[in-house]
Amino acid sequence: MIIRIAMLFVGAAPLALGACATPPGDYPSLAQREIERVDMVITPPQTIPAPPPSPAEPTLSQAEDLVKSVRSAHNAFLAGESAVRSRVAAARRANAGSDAWALAEVALAGLSTQRSRAMVALADLDRLFIAASTSGESTETIGEARSEAAGMVAAQDAVLSELSAELAS
């Protein structure tokens with residue numbers, strides 16, 4: 001059986017190799033062409049790019065409104081922080097599921113809601129920043145507003161993490 005298969009392959013080999021033998025004149029030469037021999041160096045014109053235009057007035061107005069929204073949410077966060085701290089302190093030794101623990105969780109959720117309001121406004125600032133950046137406008141003003149909002153949200157994140165860890169212990 002193996003001998004028959006081997007003889008079949010030996011008989012079919014010349015047929016398979018015949019496909020590789022084609023006349024040499026049917027294909028283009030791979031030699032270097034005349035156009036490839038020319039040394040051409042083109043120097044681009046030396047122009048100073050114009051500064052990007054400042055964002056449109058509605059965009060700046062939106063950014064200011066969003067920063068005001070973040071500040072409002074941050075002030076509400078700060079106003080509610082002391083009450084949440086006292087609830088968490090009262091629930092520190094309480095078992096999970098007890099009344100004190102549940103009140104602390106609800107208060108912490110309320111504080112987290114204020115953070116969420118700030119995050120929505122920060123996401124909108126990110127959208128404005130990206131739109132200004134991709135359209136070639138200056139992002140300096142929106143970037144400053146975005147940094148201010150991100151700083152407030154980061155501070156809120158730190159407080160929420162601290163209070164959550166305190167409640168869990």
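Every heavy atom of this structure was used, including side-chain atoms; hydrogens, water molecules and symmetry mates were not.
- Annotation: the span from E64 atom CD to I142 atom CD1 amounts to 10.5 Å, rounded to 0.5 Å.
- Scanning for side-chain contact (heavy atoms from CB on, under 4.5 Å) contacts around M119 gives R115, L122, V153, with sequence neighbours left out.
- Separating the CD1 atom in I130 from the CZ atom in R146 is a distance of 7.5 Å, to the nearest 0.5 Å.
- One hydrophobic cluster holds both L66 and F129 under the rule that ILVMFWY side chains link at heavy-atom gaps under 4.5 Å.
- Here R87 pairs with L103, A104, A107 under the side-chain contact (heavy atoms from CB on, under 4.5 Å) rule; sequence neighbours left out.
- Listed by first then second residue, pairs satisfying salt bridge (Lys or Arg N to Asp or Glu O under 4.0 Å) with a partner in residues 158-169 read R85-E162, R92-E166, not counting sequence neighbours.
- Under the rule for a side-chain contact (heavy atoms from CB on, under 4.5 Å), the partners of R117 that lie at least two apart in sequence or sit in another chain are S72, A73, A76, Q114.
- Atom CG of residue L163 and atom CD of residue E81 lie 6.5 Å apart, to the nearest 0.5 angstrom.
- When the salt bridge (charged side-chain N to carboxylate O under 4.0 Å, His left out) test is applied to E105, no partner is found at least two apart in sequence or on another chain.
- A distance-only check finds no donor-acceptor pair linking the side chain of S69 to the backbone of D65 [under 3.5 Å].
- The two atoms that bring A121 and V70 nearest to each other are CB-CG2, 3.4 Å, heavy atoms only.
- Residues passing the side-chain contact (heavy atoms from CB on, under 4.5 Å) test with E144 are E140, sequence neighbours excluded.
- Considering CG of L160 and CG of L167, their distance stands at 12.0 Å, rounded to 0.5 Å.
- Atoms CZ and CD, from F77 and Q156 in turn, are 5.0 Å apart once rounded to the nearest 0.5 Å.
- Residues L108 and S164 share a closest heavy-atom pair of CD2-OG, 3.4 Å.
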